[in-house]
Amino acid sequence: LAESLSSDMPIQLTAEPSEGPIGAMLRQDHDLPPMAETLLFVADRAHHTACIQDWLQEGRTVLCDRYYASTLAYQSCSLEGHAGDREWLWALNRPVVLEPDLTILMDIDPEAGLKRTIGRGESSKFEKLDFLSRVRQRYLEIAQERGFMIIDASAEPAVVRAKAEAAIRDRMEV
């Protein structure tokens with residue numbers, strides 16, 4: 001997707017957890033208490049958003065794989081039964097978030113999504129069917145509340161990419 005779009009606009013491809021120092025720590029998959037992990041995701045986002053601001057100032061279009069909705073969905077499920085909910089998570093994130101011009105939720109049934117990860121090798125602690133089912137429901141709620149575009153990600157990857165590319169080009173008027 002980034003390669004295809006780069007013929008028409010300068011693209012910066014990024015993801016969360018970020019490549020920064022906090023993101024690197026999060027990717028190590030430590031067994032952290034849910035509250036500590038949540039706060040690290042927000043700290044990583046604060047650093048990452050500063051990078052995004054710089055890239056935008058340079059005139060780049062930023063494609064980010066996961067951003068604040070990821071924390072709202074995943075951590076609200078991780079924190080169930082603890083002190084924290086989606087409203088609290090949004091209050092933590094709001095000061096460090098730039099609202100994207102377009103957010104696309106790639107929606108797929110968790111069981112089908114897990115089947116796609118088999119060839120990848122090891123799985124993360126988040127990749128459990130019951131947990132992912134709850135996360136998917138949260139994502140769909142957030143998408144509806146915040147006006148995200150939803151693409152059926154169960155289609156062939158080329159079809160999903162084409163739909164995402166068309167949506168981005170339409171939004172960017174390219």
Side-chain angles (χ1 to χ4, degrees), residues 1-30 32 34 36-78 89-90 92-108 110 112-114 116-128 131-132 135-136 138-140 142-143 146 148-151 153-154 157-158 160-165 167-169 171-172:
L1 179 61
E3 185 178 318
S4 176
L5 291 169
S6 67
S7 64
D8 296 315
M9 61 189 91
I11 298 292
Q12 178 65 51
L13 188 58
T14 189
E16 288 191 358
S18 75
E19 294 294 322
I22 302 167
M25 188 169 78
L26 283 164
R27 280 191 308 284
Q28 292 175 5
D29 210 16
H30 296 290
L32 296 170
E37 182 178 65
T38 297
L39 295 171
L40 285 173
F41 273 110
V42 176
D44 181 51
R45 180 155 306 111
H47 177 261
H48 190 220
T49 297
C51 295
I52 291 171
Q53 287 174 316
D54 290 343
W55 295 324
L56 292 171
Q57 287 292 322
E58 294 170 5
R60 299 185 203 182
T61 296
V62 178
L63 293 182
C64 185
D65 179 7
R66 295 179 306 279
Y67 195 47
Y68 74 86
S70 176
T71 295
L72 299 182
Y74 277 86
Q75 271 54 54
S76 67
C77 289
S78 292
L89 288 165
W90 177 237
L92 279 176
N93 279 272
R94 186 178 18 246
V96 298
V97 165
L98 290 175
E99 194 64 44
D101 293 323
L102 174 66
T103 300
I104 300 172
L105 173 60
M106 303 290 191
D107 180 40
I108 190 167
L114 284 172
R116 288 187 176 179
T117 67
I118 291 172
R120 198 178 64 200
E122 68 182 63
S123 61
S124 84
K125 67 181 181 180
F126 295 114
E127 293 174 332
K128 302 199 178 14
F131 181 75
L132 289 176
V135 168
R136 179 186 186 214
R138 296 280 165 81
Y139 259 127
L140 291 170
I142 294 163
R146 310 220 28 93
F148 297 171
M149 170 181 256
I150 300 174
I151 292 178
S154 65
V160 174
R161 184 189 58 77
K163 287 182 179 182
E165 182 176 345
I168 293 167
R169 286 184 182 284
R171 184 59 55 100
M172 301 301 293

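Sequence positions, counted from 1, serve as the residue numbers for this chain.
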Heavy-atom count check: over 12 atoms from other residues, nucleotides or ligands less than 6.0 Å from Glu58 CD?
yes
Mutual orientation of the aromatic rings belonging to Tyr67 and His48 [parallel < 30°, tilted 30-60°, perpendicular > 60°]:
perpendicular
Would you name the heavy atoms of Gly59 and Pro10 that are closest together and state the gap between them?
O-CG, 3.3 Å
Rounding to 0.5 Å, atoms CZ (Phe41) and OG (Ser78) come to a distance of 8.0 Å
Could you walk me through whether Leu89 and Val42 satisfy the side-chain contact (heavy atoms from CB on, under 4.5 Å) test, starting with their C-alpha distance in whole Å, then the side-chain angles of each, then the deciding distance to 0.1 Å, before giving a yes or no?
CA-CA 9 Å; Leu89 288 165; Val42 176; 5.6 Å; no
Evaluate the side-chain proximity of Leu140 to Leu105: yes if any heavy-atom separation is below 4.5 Å, no if none is.
yes
CG of Leu5 to CD of Glu165, rounded to nearest 0.5 Å, is 5.0 Å
Looking at every non-hydrogen atom in both residues, tell me the closest pair between Pro21 and His47 and how far apart they are.
CD-CE1, 4.2 Å
Taking the side chain as every heavy atom from C-beta outward, state whether Gln28 and Pro17 have any pair of such atoms under 4.5 Å apart.
no
May I have the step-by-step check of side chain to side chain donor-acceptor pair (under 3.5 Å) for Arg45 and Thr71, ending in yes or no?
CA-CA 10 Å; Arg45 180 155 306 111; Thr71 295; 2.9 Å; yes
Sidechain-backbone polar pair: Thr49 side chain, Ala46 backbone, donor-acceptor under 3.5 Å
no
Return the CZ to OG1 distance between Arg66 and Thr103, rounded to the nearest 0.5 Å.
14.0 Å
Please check: side-chain N/O of Arg161 versus main-chain N/O of Leu1, any donor-acceptor pairing under 3.5 Å?
no
All heavy atoms of Arg169 vs all of Ser4, minimum pair found to be NH2-O, 3.2 Å
Backbone of Ile22 reached by a side-chain donor or acceptor of Asp44 within 3.5 Å
no
Which atom names give the shortest non-hydrogen contact between Ile104 and Ala167, and what distance separates them?
CD1-CB, 4.2 Å
Between CG on residue Leu72 and OH on residue Tyr139, distance to nearest 0.5 Å
9.0 Å
A side-chain contact here means heavy atoms from C-beta on lying under 4.5 Å apart; do Phe148 and Ile142 qualify?
yes
How close do Arg138 and Ser76 get, heavy atom to heavy atom, and via which atoms?
NH1-OG, 2.9 Å
Are any non-hydrogen side-chain atoms of Ser70 and Glu16 less than 4.5 angstrom apart?
no
Please work out which of the three classes, parallel, tilted or perpendicular, describes the rings of Trp90 and Tyr68, given edges at 30° and 60°.
tilted
Applying the side chain to side chain contact (heavy atoms under 4.5 Å, CB included) test to Val62, which of Leu13, Asp101, Thr14 qualifies?
Thr14
Is there a donor-acceptor contact under 3.5 Å from the side chain of Arg27 to the main chain of Ser18?
yes
To the nearest 0.5 Å, how far apart are CG in Asp8 and OG1 in Thr61?
10.0 Å
Could you measure the distance from the CZ atom of Arg94 to the CD atom of Glu99? Nearest 0.5 Å is fine.
11.0 Å
